[in-house]
Amino acid sequence: MRQYTAEVQEMPVLLAELWKLIARAQQAFRQERVFRRVVALFFGELFALGRHTITQLLRTLGATDQDWSAWYRLFGRPRFVEAVVAGLLLWETMREVAAPEPYGTIVDGVRIPRSGRRVAGSSWWPGQNSASFDPGLVRGQRFLGISWLTPAEAGFCRAVPLRWWPAPTEKAVPCVARVQSEWQAGLEAWKWVPQEMDTHGPGSNCWS
């Protein structure tokens, strides 16, 4: 005799954990509609096959037929508390490190190319993709990024980006970030990690 059972729809483990992480990040947003737009752009980043510009993300989401101004305002004004999101990411990585083991971090300077001469925080830099004997000059913004070093496996580890600090030069286009060198931004980044660890709980171990 044939037996029938009710079909149960189960969400894949990875997707379920991803939604939990996204839900915890909602506390950094003042408005739910802004949060929903950022979540949409997040999935657009995962599925976009071309350049990861706002326009390309909107194409990936099939949202090019609507008004784009609300999407661009996400990055033109402080729509969410970036430090809260970075702290949540740090906490998630801390859970992957056993208590006796050190939490390793590394900092690195990054320059983002910009085409406009009026982009806030941008300045002239030697060309990175040009010939060494004639590098030329390009516009760009300077940042200092700090990353978590995953526990070594077979002698190798990965660097997971945690947070970026802007480090504009004195000749850069004025912006909200203060002028500072790479080492000053790096020192600020290294101080941030133990401060966040103290916030999340005692007994955390950190080396950089």
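If you're wondering where the values come from, they're calculated on a predicted model, not measured in any experiment. Counting from 1, the numbers follow the sequence of the chain as shown.
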Any side-chain heavy atom of Ser123 within less than 4.5 Å of one from Thr169? yes

So do the side chains of Arg111 and Val138 get within less than 4.5 Å of each other, counting heavy atoms only?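 In short, these two side chains do not touch, never coming nearer than 4.5 Å.
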
Does Gln184 reach the main-chain N or O of Val179 with its side chain, forming a donor-acceptor pair under 3.5 Å? no

Under 3.5 Å, is there a donor-acceptor pair between the side chain of Gln141 and the main chain of Ala120?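 Yes: the side chain of Gln141 pairs with the backbone of Ala120.
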
cation_pi(Arg163, Trp165) dist<6.0 Å, angle<=45: yes

Determine the interplanar angle of the Phe143 and Trp164 rings, folded into 0 to 90°, and report it as parallel if under 30°, tilted if 30 to 60°, perpendicular if over 60°.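 Tilted, since the angle between the ring planes falls between 30° and 60°.
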
Distance-only polar pair, side chains of [X] and [Y], donor-acceptor under 3.5 Å:
X: Thr150; Y: Arg158; answer: no
X: Trp148; Y: Glu96; answer: no
X: Arg51; Y: Gln56; answer: no

Applying salt bridge (charged side-chain N to carboxylate O under 4.0 Å, His left out), run through Lys191 and Glu188 and close with a yes or a no. CA-CA 5 Å; Lys191 289 181 178 179; Glu188 185 176 345; over 6 Å; no

Under the criterion side chain to side chain contact (heavy atoms under 4.5 Å, CB included), I'd like the reasoning laid out for Trp19 against Val39: C-alpha separation, chi angles, the key distance, then a yes or no. CA-CA 10 Å; Trp19 275 116; Val39 172; 4.3 Å; yes

Could you walk me through whether Leu90 and Tyr103 pass the side chain to side chain contact (heavy atoms under 4.5 Å, CB included) check? CA-CA 10 Å; Leu90 175 63; Tyr103 182 93; 3.0 Å; yes

Run the ring-ring contact (aromatic ring centres under 6.0 Å, His included) test against Trp125 and tell me which residues pass, sequence neighbours left out.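 None.
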
Should Val107 and Trp190 be marked as a side chain to side chain contact (heavy atoms under 4.5 Å, CB included) after you check the CA-CA gap, both sets of side-chain angles, and the distance that decides it? CA-CA 8 Å; Val107 296; Trp190 266 324; 3.7 Å; yes

Is it true that, when you exclude [X] itself, more than 12 heavy atoms of the residues, nucleotides or ligands shown sit nearer than 6.0 Å to its [atom1]?
X: Arg59; atom1: CZ; result: no
X: Arg24; atom1: CZ; result: yes
X: Leu46; atom1: CG; result: yes

In sequence, state the C-alpha distance, the side-chain angles, and the governing distance for Val173 and Arg139, and then conclude on side chain to side chain contact (heavy atoms under 4.5 Å, CB included). CA-CA 11 Å; Val173 178; Arg139 298 292 297 185; 3.5 Å; yes

